[in-house]
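Each chain gets a letter, A, B and so on, in the order the sequences are listed, and its residues count up from 1. Quick note: numbers below take in every heavy atom, side chains included, and nothing from hydrogens, waters or symmetry partners.
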2 protein chains.
Amino acid sequence: MSNTKVLPLLESEAPEAVAPCCPPLTERPFTAEEAETAARMFKALGDPVRLRLFSLVASHEGGEACVCDISDVGVSQPTVSHHLKKLKEAGLLTSERRGTWVYYRVEPSVLAAMGKLLTMAPAAA
Amino acid sequence: MSNTKVLPLLESEAPEAVAPCCPPLTERPFTAEEAETAARMFKALGDPVRLRLFSLVASHEGGEACVCDISDVGVSQPTVSHHLKKLKEAGLLTSERRGTWVYYRVEPSVLAAMGKLLTMAPAAA
DNA sequence: TGTCTATGTTGACGCTTGTCGATACAGGTG
DNA sequence: CACCTGTATCGACAAGCGTCAACATAGACA
């Protein structure tokens, strides 16, 4: 989980968001620092519009989507842009401009880290 | 805390009994209702204090903890109570009064559902 | 009964957030 | 060049949220 270099892109503006931040929630109490880091990611998914946008990108063909493909979520265009920026700042998405359009794609390592964080302790079951 | 081995970890038993809310984020775009439901849970974990409280309960012996055991997170007692209420309303914790103390415990099915929601489809690379 | 401790509720405060319209910027096309 | 489309930023507003002190409630025990 430390360096799964599945993606050739690493010029993102989110510097530390990719690092394995925390152990599973059930393993030991979070420190204040860990909680701060992890809460930032959960908070990013804590809005319905952002969650829909993220799901639209994540489920799109090739794991990426142009803004024009996903901007029909019931809010204005500036609001869509605002939420995409938030997701990017949280390290969940990366963006790349290709000609006229901007493409967003999911950061799978972060997604995996959050998933691990939510796993119950396997406890030798 | 007499019963120490109570955590029912339902990892691969019956997936349909675990996911009342949503498919994995990568499977298909969320509907507005699904996003609303899931975002409520993510939002509950989107605060550092709540995340620490949740982690304290989840990692505590027996999967449950008295408020007095976890209330040292740097905020006042009413604030702790407020956050525990939020986690309860989000379905992440349940509470039970036993004599003088109130015990909180994690809702493992919800935790598992959130974890599944974050899983990447293994073929999506 | 009264008192003490543990926890929840209320009300108020400031800060953050989601939203929009207006505007700016980037890139393609004619 | 001018013009158009796609996307980001700005400025402002209302609503929501985290926090606390004060108070209320519940149970234990003398």
Has A:T79 got a side-chain N or O lying under 4.0 Å from the OP1 or OP2 atom of C:dC20? yes

Rounded to whole angstrom units, what separation is found between the CG atom of A:D47 and the C1' atom of C:dT19? 11 Å

Nearest-Å distance for atom pair NE2/C1', residues B:H82 and C:dT9: 12 Å

Ranking B:C68 and A:G74 by the position along DNA chain C of their nearest nucleotide, the one closer to 5' is B:C68

Can you tell me if B:T100 touches the phosphate of C:dA6, counting only side-chain N or O atoms and a distance under 4.0 Å to OP1 or OP2? no

Atom CG of B:L87 to atom P of D:dC17: distance rounded to whole Å? 13 Å

Quick check for you: among D:dC17, D:dT19, C:dG8, whose closest atom lies nearest to any side-chain atom of B:K86? D:dC17

Under 4.0 Å between a side-chain N or O of B:K43 and OP1 or OP2 of C:dT17? no

Give a yes/no answer on whether the side chain of A:S76 brings an N or O atom under 4.0 Å of OP1 or OP2 in C:dC20. yes

salt_bridge(A:E34, A:R28) N-O dist < 4.0 Å: yes

Lys/Arg N to Asp/Glu carboxylate O, B:E64 vs B:R98, below 4.0 Å: yes

What integer distance in Å separates B:K85:NZ from D:dG18:C1'? 14 Å

Phosphate-side-chain proximity, B:H83 and D:dT19, N/O vs OP1/OP2 below 4.0 Å: yes

Do you know the tightest heavy-atom contact between A:A90 and A:R40? CB-O, 4.3 Å

Hey, does the side chain of B:Y103 come within less than 4.0 Å of C:dA6's phosphate (OP1/OP2), counting only N and O? no

side-chain contact (heavy atoms from CB on, under 4.5 Å) partner of B:S95, the single match among B:V102, B:V67, B:L84: B:V102

When A:G46 and B:P78 are each assigned the nearest nucleotide of DNA chain C, the 5'-most assignment goes to B:P78

Looking at the side chain of A:R97, which of D:dT19, D:dG6, C:dT19 is the nearest nucleotide? D:dG6

Does the side chain of B:R50 get closer than 4.0 angstrom to OP1 or OP2 of D:dG18 through an N or O atom? yes

Is it the case that A:R52 places NZ or CZ above or below the six-membered ring of B:F30, under 6.0 angstrom from the centre and within 45 degrees of the axis? no

Whole-Å distance between D:dA28 C1' and B:R98 CZ? 16 Å

Nearest-Å distance for atom pair CD/C1', residues B:Q77 and C:dT7: 6 Å

Between D:dC4 (P) and A:W101 (CH2): distance, integer Å: 18 Å

Mind checking if B:V49 touches a base, just sugar-phosphate, or nothing, with heavy atoms under 4.0 Å? sugar-phosphate

Measure the distance from CZ on A:R40 to P on C:dT17 and round it to the nearest whole Å. 12 Å

